[in-house]
Participant: 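I'd like to ask some things about the structure below.
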Amino acid sequence: MSLRLYNSLSRQKEPLVTAEPNIVKMYCCGVTVYDYCHLGHARSYIVWDVVRRYLMWRGYKVRYVQNFTDIDDKILRRAREEHSTMEAVSEKYIQAYFEDMARLNILPADEYPRATHTLDGIKRLIHELEQQGMAYAAAGDVYYSVRKFTDYGKLSGRKLEEMQAGASGRVESSDPEASKKQDPFDFALWKAAKPDEPAWESDWGKGRPGWHIECSAMVRDRFGDSIDIHTGGADLVFPHHENEIAQSEAVTGKPLSRYWMHNGMVNVDGEKMSKSLGNFTTIRQLLDNPLPILNDTTFDPMALRLFVLQAQYRKPLDFTDEAIQAAQHSWVTIREGLLFGWNHGPQLNWPDLPPDLPKAPAESEAIDQFRRAMDDDFNTPEGLAVLFELAKTLKRNGNILKHGGQTDTPSENLYQTWLCLRELAGVLGLVAPPEIPSVQPQTGPSAEEIEALITRRQSARESKDFATADQIRDELKAQGIQLIDQPGGVTSWIRE
RNA sequence: GGCGGCAUAGCCAAGUGGUAAGGCAGGGGCCUGCAAAGCCUUUAUCCCCAGUUCGAAUCUGGGUGCCGCCUCCA
């Protein structure tokens with residue numbers, strides 16, 4: 001059974017057939033760098049990271065390119081506000097982007113082209129469009145003649161005539177470029193320089209590129225005429241991706257991308273999270289601040305990842321307190337499972353664990369089920385269900401071991417389960433750093449002190465002095481020591 | 001107004017013709033001096049109506065509600 005994915009272009013799931021066997025050329029529309037990334041960005045890049053990791057796990061060689069838009073009105077406005085420059089603003093937020101993505105364990109792209117580094121390619125493409133009669137210059141601007149591209153609207157499924165009815169009110173008057181356009185639907189490929197704004201020399205005079213053209217130019221520069229998968233947020237379908245298609249395909253005569261994939265939006269109270277609505281939470285806001293709903297602890301980046309992957313990527317995802325809480329708790333379960341080997345391997349006489357763990361047996365049922373789920377348009381909620389089954393088993397056995405019992409599950413089975421969980425979690429980018437208890441910095445009372453207190457409590461309990469017994473338990477609890485009274489009068493303890 | 005999508009337990013979410021995965025939260029039980037932790041166990045007939053079918057959450061038609069895009073947007 002092959003991998004199938006939903007292609008926005010055909011509006012149906014299709015088997016993945018790449019141009020070259022086992023090679024995937026993938027381009028993802030990145031961010032405009034004028035602010036910190038919010039949860040909408042987090043979702044988008046987590047989703048595409050998982051797609052990429054899964055394809056790699058399935059044996060594809062993936063080349064992944066993602067751009068930074070570093071020329072833009074909003075960046076300029078931000079620069080003015082901060083008495084800074086466009087370069088400084090974009091540099092700052094590009095660095096912030098890298099920091100945020102690293103925390104979310106998103107693999108770095110193979111390349112990060114920037115608009116400011118792609119001027120040659122952009123100008124070349126505009127020239128070619130001009131030569132083909134698809135574009136025209138107008139007072140220092142250059143526009144794309146939308147009506148000349150007969151396939152216009154094929155991605156978003158709209159017809160120019162139908163759009164006109166609803167859009168006419170806005171397109172006409174409010175747009176300052178409207179007077180230069182031959183048609184309201186035409187869009188800018190190149191914009192004439194305004195005073196005091198960064199500008200580049202060109203045959204049309206000093207100016208800067210429009211937004212859509214950079215992606216067309218970058219894809220062409222890095223990959224050639226066609227790629228396999230083009231991704232981005234659902235809000236980019238129109239006009240951004242539609243325009244990319246118009247620009248690229250008019251010149252090359254070939255499909256810009258075989259498959260188009262779009263992720264659903266993150267919602268707040270049922271409405272899209274967006275800059276313009278002002279209802280956004282940045283990634284760092286969420287991860288850096290202790291949250292009352294989490295007992296004043298911070299939200300784990302991996303829990304954010306889990307939160308995102310618990311929804312199918314094309315559906316809207318509601319961001320709520322309850323969702324945060326659920327994700328955090330869920331993550332603890334997965335993490336317990338991931339740490340099982342490090343915590344209990346020695347106890348089970350496992351061999352020393354090499355840094356590169358062996359692969360789980362490919363024919364295992366869990367792997368099979370996971371693959372079936374993910375092969376069906378990256379069904380991560382179903383894939384996660386597999387992880388939970390594995391993690392629960394490990395967690396349960398870990399608890400039994402921790403509480404002094406003896407598991408009746410063969411050590412070898414637990415080892416395979418653990419390898420399997422780690423491998424599949426890795427495909428989803430979910431990792432828990434090896435936390436070997438003995439290596440952790442020990443704070444609070446020493447083991448001897450604790451044992452002494454337990455002995456004192458024990459005698460208090462035997463003489464029915466429960467007040468003293470409970471007091472000792474409470475004091476240790478306050479120092480992060482959890483006492484566990486086991487059947488048979490034995491009391492063990494763990495550091496929390 | 002046009003185009004597209006969604007509607008499954010308290011919340012999130014799989015399932016696309018054969019009598020409802022998983023997570024979170026909750027209930028019950030075991031254990032305990034009490035507790036914590038743990039273990040076991042439990043919780044839905046799938047928005048409404050009408051069809052097709054031996055059989056539908058799953059197909060068809062009609063409603064209702066919500067969301068996205070049509071302007072910068074992941």
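In this text the structure is predicted, and so the values were computed from the model without any measurement. Protein chains get the first letters and strands the later ones, always in sequence-line order, with residue 1 at the start of each.
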Participant: Can you see whether A:F238 has A:R158 sitting over its ring - NZ or CZ less than 6.0 Å from the centre and within 45° of the normal?
Facilitator: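 Positive - A:R158 is close enough to the ring of A:F238 and near enough to its axis.
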Participant: Of the options B:rG22, B:rG15, B:rA74, whose atoms approach the side-chain atoms of A:H41 most closely?
Facilitator: B:rA74
Participant: Assign each of A:S156 and A:F466 to its nearest nucleotide of RNA chain B by heavy atoms, then name whichever residue's nucleotide is nearer the 5' end.
Facilitator: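 Looking at the nearest nucleotide for each, A:S156 comes out on the 5' side.
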Participant: Using whole Å, report how far CD of A:Q325 lies from C1' of B:rG10.
Facilitator: 14 Å
Participant: Should A:Y93 and A:D70 be marked as a side chain to side chain donor-acceptor pair (under 3.5 Å) after you check the CA-CA gap, both sets of side-chain angles, and the distance that decides it?
Facilitator: CA-CA 10 Å; A:Y93 291 110; A:D70 60 352; over 6 Å; no
Participant: Start at the 5' end of RNA chain B and walk down; is the nucleotide closest to A:S276 or to A:R461 reached first?
Facilitator: A:R461
Participant: Taking the side chain of A:S330 as heavy atoms from C-beta outward, which of B:rA14, B:rG23, B:rC72 is closest to it?
Facilitator: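 Output: B:rG23.
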Participant: With no angle test and no hydrogens, is the base of B:rA35 tied to the side chain of A:R473 by a donor-acceptor pair under 3.5 Å?
Facilitator: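 By the distance-only test, yes, there is a pair.
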Participant: Among A:D72, A:D73, A:T116, whose side-chain hydrogen bond (donor to acceptor under 3.5 Å, both in side chains) with A:R208 holds?
Facilitator: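 Only match with A:R208 under side-chain hydrogen bond (donor to acceptor under 3.5 Å, both in side chains): A:D73.
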Participant: Between B:rC69, B:rG38, B:rA36, which nucleotide gets closest to the side-chain atoms of A:R158?
Facilitator: B:rC69
Participant: If the threshold is 4.0 Å, N to carboxylate O, is there a salt bridge linking A:D186 and A:K180?
Facilitator: no
Participant: Compare the minimum distances between each of B:rG23, B:rA74, B:rG15 and the side chain of A:V31, then state the nucleotide with the smallest one.
Facilitator: B:rA74
Participant: Closest approach to the side chain of A:Q312, judged atom by atom: which nucleotide of B:rA14, B:rA74, B:rC24 is it?
Facilitator: B:rA14
Participant: Remember a base hit wins even if backbone is also touched, and classify A:L236 as base, sugar-phosphate or nothing at under 4.0 Å, heavy atoms.
Facilitator: sugar-phosphate
Participant: If you only use heavy atoms from C-beta on, which nucleotide in B:rA14, B:rG33, B:rC39 is closest to the side chain of A:R396?
Facilitator: B:rC39
Participant: May I ask you to decide if the ring planes of A:W418 and A:W342 are parallel, tilted or perpendicular, using 30° and 60° as cut-offs?
Facilitator: perpendicular
Participant: Can you check the distance between B:rU58 and B:rC47, where both ends of the measurement are the P atom (answer in whole Å)?
Facilitator: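 After rounding to an integer number of Å, I get 8 Å for this pair.
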Participant: Counting heavy atoms from C-beta on, name the nucleotide in B:rG38, B:rA74, B:rC24 closest to the side chain of A:Y45.
Facilitator: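 Looking only at side-chain atoms, A:Y45 lies closest to B:rA74.
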Participant: State which of B:rA25, B:rG22, B:rA14 makes the closest approach to the side chain of A:F388.
Facilitator: B:rG22
Participant: Between B:rC24, B:rG68, B:rC72, which nucleotide gets closest to the side-chain atoms of A:T333?
Facilitator: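 The answer is B:rC24, which lies nearest to the side chain.
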Participant: Choose from B:rA74, B:rG23, B:rG15 the nucleotide whose nearest atom is closest to any side-chain atom of A:N379.
Facilitator: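 Nearest listed nucleotide: B:rG15.
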